[in-house]
Amino acid sequence: MSQLEVVQIPCLTDNYGYLVHDSESKFTASIDSPALDPIEDALRQNDWALTHIFNTHHHYDHTGANLELKKRWKCKIIGSEKDSDRIPGLDEGVNDQEVFNFGNHEVKVFDVSGHTIGHISFYFPREEKLFCGDALFALGCGRIFEGTPEQMWESLQKLERLPEDTKVYCAHEYTLANANFAVTVEPQNKVLLDRVQEIKNLRNEGKPTIPSTIGLEKSTNPFLRPMSKDIQANLNMLGAELVDVFAETRKRKDSF
Ligand code: ZN
Ligand code: FE
């Protein structure tokens, strides 16, 4: 069975780019293209040739190096069909629930609009790896710039239904700031408190907190936990609709 390797690339201030490499076909995809130099360095270090870019959404810190990389590598750029006019160099538009092949690996697309309209995530079902851009973060979720809270909540539910062991590769190292907010919403959550300590230790050593897993996010991420009675009580929303609890949590984070 061919192996799928993942290389994490710190870019810009707090972005993560990723290279995903299939050992058999030698295909290599860059998940987003935050910055040219660190991606080129990672390709060189591994002696890989870039064949694809998978864009999660159109924001500049996710597509900034698209055109330069395409010029150098003639790679194929895949992104949301809804973002055809906003993703530089897009070759192939994909849609929600679409499955395509990357070498011997299946990739499933989820439309996770909310942060932007046309934000997608790339999921490798056999490897249980999720590249979710700015939709879901470790202990957080993307700011809602273009969609509605309803849309964002629906998007996050698509991701939380994935197997618990799924590795979550998000696009920013925002975890410590997210943690500081999360404990204000659910200070009673023991698993969360333990995780926050672990996050502080990792960051003190300059280490990444990513990837996390769907299971860990479900038990600690306040944006996936509007059903928590403690969160509802802390927000004075006991018994409220889950989407409303989610929306209130998102609103509080915006001004935290
Ligand atoms: Zn973004
Ligand atoms: Fe971003």
Side-chain angles (χ1 to χ4, degrees), residues 6-20 29-39 42 53-69 77-90 93-94 96 109-123 129-149 151-156 158-159 167-182 203 208-212 217 221 223-224 246-247 249-251 253-256:
V6 178
V7 170
Q8 185 172 39
I9 313 169
C11 294
L12 309 174
T13 317
D14 50 33
N15 278 78
Y16 287 123
Y18 299 96
L19 291 181
V20 178
S30 181
I31 310 294
D32 287 329
S33 68
L36 182 66
D37 290 346
I39 295 172
I53 297 172
F54 297 168
N55 285 124
T56 61
H57 64 300
H58 76 281
H59 283 161
Y60 186 74
D61 61 315
H62 300 262
T63 57
N66 267 23
L67 294 181
E68 288 159 298
L69 286 169
I77 303 184
I78 298 177
S80 171
E81 190 171 13
K82 291 181 190 163
D83 257 342
S84 311
D85 49 356
R86 299 200 292 188
I87 292 182
L90 187 78
V94 291
D96 190 38
V109 175
F110 295 108
D111 187 310
V112 286
S113 290
H115 177 66
T116 63
I117 302 296
H119 190 308
I120 57 176
S121 292
F122 298 91
Y123 175 55
K129 293 180 192 304
L130 173 72
F131 296 89
C132 52
D134 289 358
L136 175 66
F137 293 125
L139 291 181
C141 74
R143 202 177 266 258
I144 303 172
F145 285 122
E146 297 179 3
T148 62
Q151 213 168 7
M152 191 67 170
W153 173 233
E154 201 181 304
S155 295
L156 292 177
K158 290 181 192 173
L159 303 183
K167 285 209 161 63
V168 179
Y169 297 89
C170 62
H172 289 272
E173 181 60 65
Y174 288 159
T175 317
L176 187 55
N178 289 340
N180 290 333
F181 172 73
R203 294 313 289 154
T209 62
I210 312 299
S212 71
E217 293 310 318
N221 185 327
F223 298 98
L224 298 182
F246 166 77
T249 309
R250 186 57 261 180
K251 204 174 106 197
K253 175 68 167 64
D254 288 344
S255 54
F256 179 70

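Because the structure is predicted, anything quoted here is derived from the model rather than measured. Read the numbers this way: they start at 1 and go in the same order the structure lists the ligands and their atoms.
- Checking each of Y123, Y18, F122, F110 against F131 for a ring-ring contact (aromatic ring centres under 6.0 Å, His included) leaves exactly one that passes, namely Y18.
- Taking 2.8 Å as the criterion, H62 does not count as a coordinating residue of the Zn ion (ligand 1), since none of its N, O or S atoms falls below it.
- Taking a cut-off of 2.8 Å, the protein N, O or S atoms nearer than that to the Fe ion (ligand 2) are D61 OD2, H62 NE2, D134 OD2, H172 NE2.
- For N66 and N55, the side-chain atoms include at least one donor-acceptor pair closer than 3.5 Å.
- In this model, no donor atom of one side chain and acceptor atom of the other lie less than 3.5 Å apart for D134 and H59.
- Under 2.8 Å from the Zn ion (ligand 1) lies an N/O/S atom of H115, whether from backbone or side chain.
- The CZ atom of R250 sits 7.0 Å away from atom CE of M152, with the distance rounded to the nearest 0.5 Å.
- In the model, S113 has no side-chain atom that pairs as donor or acceptor with a side-chain atom of Q151 under 3.5 Å.
- Comment: K82 does not engage E146 in a salt bridge, judged by the lack of any side-chain N to carboxylate O separation of less than 4.0 angstrom.
- Considering just the N/O/S atoms of D134, the one nearest the Zn ion (ligand 1) carries the name OD2.
- Residue E154 qualifies as open at atom CD: its count of foreign heavy atoms under 6.0 Å is 12 or below.
- In the displayed structure, K167 atom NZ is contacted under 6.0 Å by at most 12 heavy atoms of other residues, nucleotides or ligands.
- Nearest N, O or S atom of H59 to the Zn ion (ligand 1): atom ND1.
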